[in-house]
Amino acid sequence: MKIAVLGATGRTGQVIVEQALAAGHHVAALVRRPEGLPVRGENLEVVVGDARDPAIIEKLAAENDAVICSLGIPASGTSRAEIDDSASVDVCLVSTRLLFDALPRHGKRRIVLMSTHGAGGSNDGSPYVTWLRDLVKNRVLDKDHTEEFIAASDAPVDWTVIRNPSIYEGELGRPHEVYTRIELDRSSRVTYQDLAAFALSEVVTPRHVGQFLTITEPLEDTSLLAAAEIAPEVAA
Ligand SMILES: NC(=O)c1ccc[n+]([C@@H]2O[C@H](COP(=O)([O-])OP(=O)(O)OC[C@H]3O[C@@H](n4cnc5c(N)ncnc54)[C@H](OP(=O)(O)O)[C@@H]3O)[C@@H](O)[C@H]2O)c1
């Protein structure tokens, strides 16, 4: 399969690229900084550009079977103290709009996008979400606007949105579950490895088309699970 990965220099993006290549897929990795992607492979094509550039998105849609968007802010390597919280962020919204337009024109449908738990419909006013949204400030607004666009879109696109809790460097195969509804607490987390594997499995074998998902390892406060809903499998 030919898979375009946006945000390929990111912490999750790099793992997605590695896992996809290891599984024998062809990967078109969109990067702004080629030096930020140490992964190598004969099935790896590095595409240099900005995810908000229509010509770049057109190329990725034309030449690939499916897309994984792991775009985020800040730029990799930037410390939290250096983040400009006043700068407006639109990379997810602009690139998603372009992809939802370009993919159907090229006869492609499948796209998996990363979001943040606490954005869009998961902004549930809980203590965790209130804390998180204050922490990531205006950067979560890009996810809000993107989720709003996706929910309202009638583009013939098979999308899945994965709303992430904290992501950490760990092993592949930690216990985790995927929900369409859950209240999280600060213990919620998932490894880059498990998140990448889930995103990859979704593009290869779509099981959660048209769903906003939250993926997390078991929570410390198990009472939160009482009102949670496990994501049902929905074929494309
Ligand atoms: N990390 C967490 O704990 C966490 C928690 C909740 C949600 N999330 C979300 O989960 C996803 C993956 O997170 P992550 O931590 O792996 O992301 P990350 O390390 O911050 O990577 C973000 C990626 O987006 C790229 N990017 C940003 N603007 C771009 C543009 N205009 N054109 C092209 N590329 C651009 C960056 O490229 P450069 O390397 O060139 O900057 C980088 O590759 C993101 O959507 C993030 O918002 C993360």
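One is the number of the first residue; the rest follow in order along the sequence.
Tracing side-chain contacts under 4.5 Å through hydrophobic residues (I, L, V, M, F, W, Y), one reaches Ile230 starting from Leu225; they form part of the same cluster. In the hydrophobic clustering of ILVMFWY residues, with side-chain heavy atoms under 4.5 Å counting as a link, Ile162 and Trp159 come out apart. A single hydrophobic cluster is seen to contain both Val39 and Ile167, as judged by linkage of ILVMFWY side chains at heavy-atom distances under 4.5 Å, directly or through other members. Taking hydrophobic clusters as Ile, Leu, Val, Met, Phe, Trp and Tyr residues chained together by side-chain heavy-atom distances below 4.5 Å, Leu132 does not share a cluster with Leu195. Residue Phe212 is grouped with residue Val67 when hydrophobic side chains (ILVMFWY) are merged at heavy-atom distances under 4.5 angstrom, including chains of intermediate members.
With contacts defined as side-chain heavy-atom distances shorter than 4.5 Å, the pair Ile150/Val161 qualifies. Counting only heavy atoms from C-beta outward, the side chains of Val204 and His25 approach each other to under 4.5 Å. Side-chain atoms of Pro206 and Arg110, non-hydrogen and from C-beta on, do get closer than 4.5 Å to each other. Contact annotation: the side chain of Phe198 approaches that of His208 to within less than 4.5 Å [non-hydrogen atoms, C-beta and beyond]. The shortest distance between side-chain heavy atoms of Val91 and Asp142 falls below 4.5 Å. Residues Val112 and Cys69 fail the side-chain proximity criterion, which asks for heavy atoms closer than 4.5 Å. Residues Val129 and His117 have side chains in contact (heavy-atom distance under 4.5 Å, counting atoms from C-beta outward). Side-chain contact check for Asp185 versus Leu224: some heavy-atom pair is nearer than 4.5 Å.
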Next on the checklist: What verdict does the side chain to side chain contact (heavy atoms under 4.5 Å, CB included) test give for Ile56 and Val47, after you've listed the backbone C-alpha separation in whole Å, the side-chain angles of each residue and the deciding distance to 0.1 Å?
Outcome noted: CA-CA 8 Å; Ile56 289 282; Val47 178; 4.1 Å; yes
Working for side chain to side chain donor-acceptor pair (under 3.5 Å), residues Ser115 and Glu147
CA-CA 8 Å; Ser115 185; Glu147 289 203 12; 2.7 Å; yes
If you apply the rule side chain to side chain contact (heavy atoms under 4.5 Å, CB included), what do you find for Thr12 with Ile16, and how did you get there? CA-CA 6 Å; Thr12 311; Ile16 294 170; 3.9 Å; yes
Set out, in order, the CA-CA distance, both residues' side-chain angles and the distance that settles side chain to side chain donor-acceptor pair (under 3.5 Å) for Glu169 and Gln193, then state yes or no. CA-CA 7 Å; Glu169 189 66 41; Gln193 289 69 19; 2.7 Å; yes
Check the pair Leu172, Gln19 against side chain to side chain contact (heavy atoms under 4.5 Å, CB included), reporting the backbone distance first and the verdict last. CA-CA 11 Å; Leu172 182 67; Gln19 291 184 358; 4.0 Å; yes
- Message: Under the criterion side chain to side chain contact (heavy atoms under 4.5 Å, CB included), I'd like the reasoning laid out for Gln211 against Val234: C-alpha separation, chi angles, the key distance, then a yes or no.
- Response: CA-CA 9 Å; Gln211 295 184 10; Val234 178; 3.0 Å; yes
Under the side chain to side chain donor-acceptor pair (under 3.5 Å) criterion, do Arg163 and Tyr179 qualify, and how do the steps go? CA-CA 10 Å; Arg163 291 169 170 154; Tyr179 300 88; over 6 Å; no
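The backbone N or O of Ser187 lies less than 3.5 Å from no partner atom in the side chain of Glu220, so there is not a single donor-acceptor pair. Between the Asn123 side chain and the Ala119 main chain, no donor and acceptor come within less than 3.5 Å of each other. With hydrogens and angles ignored, the 3.5 Å screen pairs no side-chain donor or acceptor of Glu58 with any backbone N or O of Leu99. In terms of modelled atom types and a separation under 3.5 Å, the side chain of Thr9 and the main chain of Gly36 share no donor-acceptor contact. A donor-acceptor pair is defined here as one N or O able to donate and one able to accept, closer than 3.5 Å; no such pair exists between the side chain of Glu229 and the backbone of Arg181. Using a distance-only test at 3.5 Å, with no hydrogens or angles considered, a donor-acceptor pair links the side chain of His145 to the main chain of Leu141. Side-chain atoms of Thr116 do not come within 3.5 Å of backbone N or O of Gly118 as any donor-acceptor pair. Side chain of Glu202 to backbone of Arg207: a donor-acceptor contact under 3.5 angstrom is found. Side chain of Asp194 to backbone of Arg174: a donor-acceptor contact under 3.5 angstrom is found. Under a 3.5 Å cut-off, the side chain of Ser188 and the backbone N or O of Leu184 do not form any donor-acceptor pair.
Interatomic distance, CG of Leu71 versus CE of Met114, reported as 10.5 Å (0.5 Å rounding). Between atom CG of residue Asp50 and atom CZ of residue Arg32 there is a gap of 6.0 Å, rounded to the nearest 0.5 Å. Between the OH atom of Tyr128 and the CG atom of Asp221 there is a distance of 14.0 Å, given to the nearest 0.5 Å. Rounded to the nearest 0.5 angstrom, Ile3 CD1 and Asn64 CG are separated by 8.5 Å. If you take CD on Glu233 and OG1 on Thr205, they are separated by 10.0 Å, rounding to the nearest 0.5 Å. Between Arg97 atom CZ and Cys92 atom SG the span is 12.5 Å, to the nearest 0.5 Å.
Salt-bridge annotation for Asp144 and Arg133: present, with a side-chain N of the basic residue lying under 4.0 Å from a carboxylate O of the acidic one. With respect to Glu45 and Lys59, a salt bridge is recorded, a charged nitrogen being found less than 4.0 Å from a carboxylate O. Here Asp65 does not pair with Lys108 in a salt bridge; the nearest charged N to carboxylate O distance is not below 4.0 Å. Here Arg105 pairs with Asp101 in a salt bridge; the nearest charged N to carboxylate O distance falls below 4.0 Å.
Nearest heavy-atom pair, Ala28 versus Leu60, reported as atom, atom and distance to 0.1 Å: CB-CD2, 4.1 Å. Closest of all the heavy-atom pairs between Thr191 and Gly170 is CG2-CA, 3.7 Å. Here the shortest heavy-atom pairing between Val17 and Ala8 reads CG2-CB, 3.9 Å. Closest approach of Leu30 to Val48, counting heavy atoms only: CD1-C, 4.4 Å. The minimum heavy-atom distance between Ala51 and Leu6, with the atom names listed, is CB-CD2, 4.2 Å. Contact record, Met1 with Val203: CE-O, 3.3 Å, taken as the closest heavy-atom pair.
Every residue two or more places apart in sequence or in another chain that forms a side-chain hydrogen bond (donor to acceptor under 3.5 Å, both in side chains) with Ser126 is listed here: Asp124.
For Arg11 and Tyr192, the positive end is not near the middle of the six-membered ring at less than 6.0 Å and at most 45° from its axis.
The aromatic rings of Phe100 and Phe149 sit perpendicular to each other, their planes meeting at more than 60°, with 30° as the lower class boundary.
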